[in-house]
**Q** 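First, the structure itself, so that you have it in front of you.
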Amino acid sequence: MIVAVHKEPSFRESVDLMFNHAVALMRLPPGLEEKIRVCNATYTVRFGVRLRGQIFTFTGYRSVHSEHMEPVKGGIRYATAVNQDEVEALAALMTYKCALVEAPFGGSKGGLCIDPRAWEEHELEQITRRFAYELAKRDLINPSQNVPAPDMGTGEREMAWIADQYKRMNTTDINANACVTGKPANAGGIQGRVEATGRGVQYALREFFRHPEDKAIAGLTGTLDGKTVIVQGLGNVGYHAAKFLSQEDGARIIAVIEHDGGLINPDGLDVDMVSQWIRQHGGISGCPAGEFIADGASLFHMECDILIPAAIEGVINLDNVDGIRAQLIIEAANGPITYGADQVLRKRGTVIIPDLYANAGGVTVSYFEWVKNLSHIRFGRMQRRQEEARHQLLVDELERLDRYLNDAWSLTPHFKEKYLRGADELELVRSGLDDTMRTAYQSMREVWHGRDDVPDLRTAAYIVGISRVASSYRAKGL
Ligand code: GLU
C-alpha cells in the first residue's frame with residue numbers, strides 16, 4: 001500500500017482552488033463568483049434493501065451544483081469510496097464541462113457507496129431500483145430537471161433499470177425515456193454512447209495535434225502516428241481511448257497501469273487482448289500481451305509522449321509528480337491531477353488537456369441521446385434516403401461523364417459506394433461529437449493564447465465555462 005506523504009486539499013477543495021485561480025483573472029460582479037462556486041444542494045439518502053435474508057443499508061448521494069440551466073446533468077457512480085466531498089467536486093466539474101461544450105445543462109452528480117462486484121446482478125437491480133425510487137420521488141431523476149448517466153461502476157444495464165423504474169412511477173410521462181442517458185440502444189439509447197468518452201479523448205488529441213504552436217509547447221511534432229502513450233485505467237474510457245488511438249491513429253500504447261500492476265510493451269500493447277484479459281481474470285497480472293510489473297504506479301514515471309490518466313481522481317499528486325516525464329497529459333478521468341501537482345506541472349511547462357474538456361465526450365453524446373428521446377425519432381431517419389437520392393443524381397451524371405470520356409477519366413474506386421451512403425445514427429453522433437470537441441478546444445485555445453495572464457489550458461477552460469455560466473445567470477437573473 002502506498003502511504004501519502006503530502007497532505008493535500010480534498011477533491012472538492014482542489015476544484016474550488018482551480019475555480020478561484022480562474023475567477024481571479026475574470027471580472028465578475030461581486031457575489032456572482034461565490035454563487036457560481038458553491039454547490040446548490042446535496043441530497044443524502046440511506047435506504048435498506050432486504051437481501052440474502054437480512055436488511056442491508058446503503059448510502060447514496062445526488063448533488064446539484066448549478067441550476068443556471070435545467071435539467072442538471074451528470075453520472076451516477078458506484079464505488080466504495082463515494083462520499084459527499086467527491087460527489088460535490090464531480091457535480092461542479094459537470095457545470096463547467098457542460099458550459100464549455102455547450103451542452104444546455106446545469107451540473108449534477110450522484111453516487112452510491114457500494115462495491116458492485118460484491119453483488120449478484122439481480123441484487124444490484126434491486127438496489128439500483130430502490131436508489132432510483134428514492135431519487136425520482138424527489139425529482140432528482142426527471143427528464144426536465146435532473147438526468148443521470150453512467151459513471152464509474154455503472155453502465156447501460158443500470159441506466160435501463162433506472163429508466164424502467166422512473167417509467168413505473170410516471171406511467172403517463174411521454175418523455176420518460178429522457179429521464180436518464182446512457183441507456184442500451186434497444187431501450188431508448190443512442191448509438192455511440194458507450195464509446196463516447198474515449199472517442200472524445202481521441203478527437204481532443206486530434207484537434208490538439210492540428211495546432212503546431214500547441215504541439216511545440218509540449219515538445220511534440222507531427223501527428224499521433226507513432227506517438228508513445230501510457231494509459232492508467234483500462235475501464236470504459238481508457239479502453240476506448242487506447243483502442244481508437246492505436247487502431248485508428250497509429251499511436252503506440254507502450255504501457256497500461258491497472259489496480260493490480262502494470263503491463264509494458266515497447267512495440268505497443270494489443271489493447272483488445274489486454275481488456276479481454278482484465279474482464280476474464282479481474283486484473284492485468286499474467287496477461288501475455290506485455291511484461292507485467294507489480295508496482296504499476298511506477299509506470300507513471302516512464303518516458304512517453306502522452307500520458308492518459310483514465311480512472312479516478314488524485315492519481316497524480318505531490319507524492320509522485322516529480323517523476324512524471326510526459327510533456328503532454330490528457331485527463332480522461334475527472335480530477336486525476338491534484339491542485340498541488342497541477343501547479344508543479346504548470347511551472348514545469350507540461351501541457352495538460354484538462355478533464356472538463358477532455359472527457360466531455362460522454363455528456364455531449366448524452367445530450368444527443370436526451371434530444372433524441374424528446375424528439376421521439378432516431379437521428380437521420382427523415383433525411384437519410386433523401387440524401388442518398390440526391391447523391392444518386394450526381395453519381396448518375398458522373399457516370400455519364402465517365403462513359404463519355406472513355407479511358408481519359410474514371411471515377412475513383414469505391415467513390416460511388418462511399419458517396420451514396422447517407423449517414424446513419426452512429427456517423428451523425430460521431431460527427432456531432434467531433435464538431436463539439438473541435439469547437440470547444442478552439443474556444444479554450446483563444447483564451448490560452450489570447451491572454452498573457454492565462455498560462456495553461458485548464459485555467460482557459462475554467463474561464464470559458466465560468467463566463468458562460470455567468471452570462472446565463474446575468475440573462476435570467478438569480
Ligand atoms: N459521467 C460522465 C461524466 O462525468 C457522463 C455524464 C453524462 O453523460 O451526463 O461526464
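Read the numbers this way: they start at 1 and go in the same order the structure lists the ligands and their atoms.
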**Q** Within the 4.0 Å heavy-atom shell around G362, which atoms of ligand 1 are there?
**A** 8 (O)

**Q** Ignoring angles and geometry beyond distance, decide whether N334 reaches within less than 3.5 Å of ligand 1 through its nitrogen or oxygen atoms.
**A** yes

**Q** Please confirm whether the backbone N or O of G314 pairs with a side-chain atom of N317, one donor and one acceptor, at under 3.5 Å?
**A** yes

**Q** Backbone, side chain, both or neither: what part of R193 comes under 4.0 angstrom of ligand 1, heavy atoms only?
**A** side chain

**Q** Is it the case that atom OH in Y367 sees more than 12 heavy atoms from other parts of the structure closer than 6.0 Å?
**A** no

**Q** Looking only at the side chains, is there a donor atom on one of R199 and Q202 sitting less than 3.5 Å from an acceptor on the other?
**A** yes

**Q** Under the salt bridge (Lys or Arg N to Asp or Glu O under 4.0 Å) test against E425, which residue among R378, K372, R193 passes?
**A** K372

**Q** Just jot down the ligand 1 atoms closer than 4.0 angstrom to any heavy atom of M94, in number order.
**A** 3 (C), 4 (O), 6 (C), 10 (O)

**Q** What protein heavy atom sits nearest atom 8 (O) of ligand 1, and how far away is it?
**A** S366 OG, 2.6 Å

**Q** Any nitrogen or oxygen of P150, side chain or backbone, less than 3.5 Å from one on ligand 1?
**A** yes

**Q** Can you tell me if K109 has a non-hydrogen atom under 4.0 Å from ligand 1?
**A** yes

**Q** Have a look at G200, A91, G182, G75 and point out the one with the heavy atom closest to atom 6 (C) of ligand 1.
**A** G75

**Q** If only atom types and distance count, is the side chain of R325 paired as donor or acceptor with the main-chain N or O of H301 below 3.5 Å?
**A** yes

**Q** Are the aromatic rings of Y441 and H211 close, with centres under 6.0 Å apart?
**A** yes

**Q** Is the ring centre of W119 less than 6.0 Å from the ring centre of F56?
**A** yes

**Q** Could you find the nearest protein heavy atom to atom 7 (C) of ligand 1 and give me its residue, atom name and distance?
**A** A149 CB, 3.2 Å

**Q** Do ligand 1 and T181 have nitrogen or oxygen atoms that lie under 3.5 Å from each other?
**A** no

**Q** What is the nearest protein non-hydrogen atom to atom 9 (O) of ligand 1, stated with its residue, atom name and distance?
**A** K73 NZ, 2.9 Å

**Q** Determine yes or no for a side-chain-to-main-chain donor-acceptor pair under 3.5 angstrom, with D305 supplying the side chain and K227 the backbone.
**A** no

**Q** Any side-chain donor-acceptor pair under 3.5 Å between S66 and T95?
**A** no

**Q** At what distance is the nearest protein heavy atom to atom 10 (O) of ligand 1, and which residue and atom is it?
**A** K97 NZ, 2.7 Å

**Q** Is R77 in contact with ligand 1, taking contact as a heavy-atom separation below 4.0 Å?
**A** no

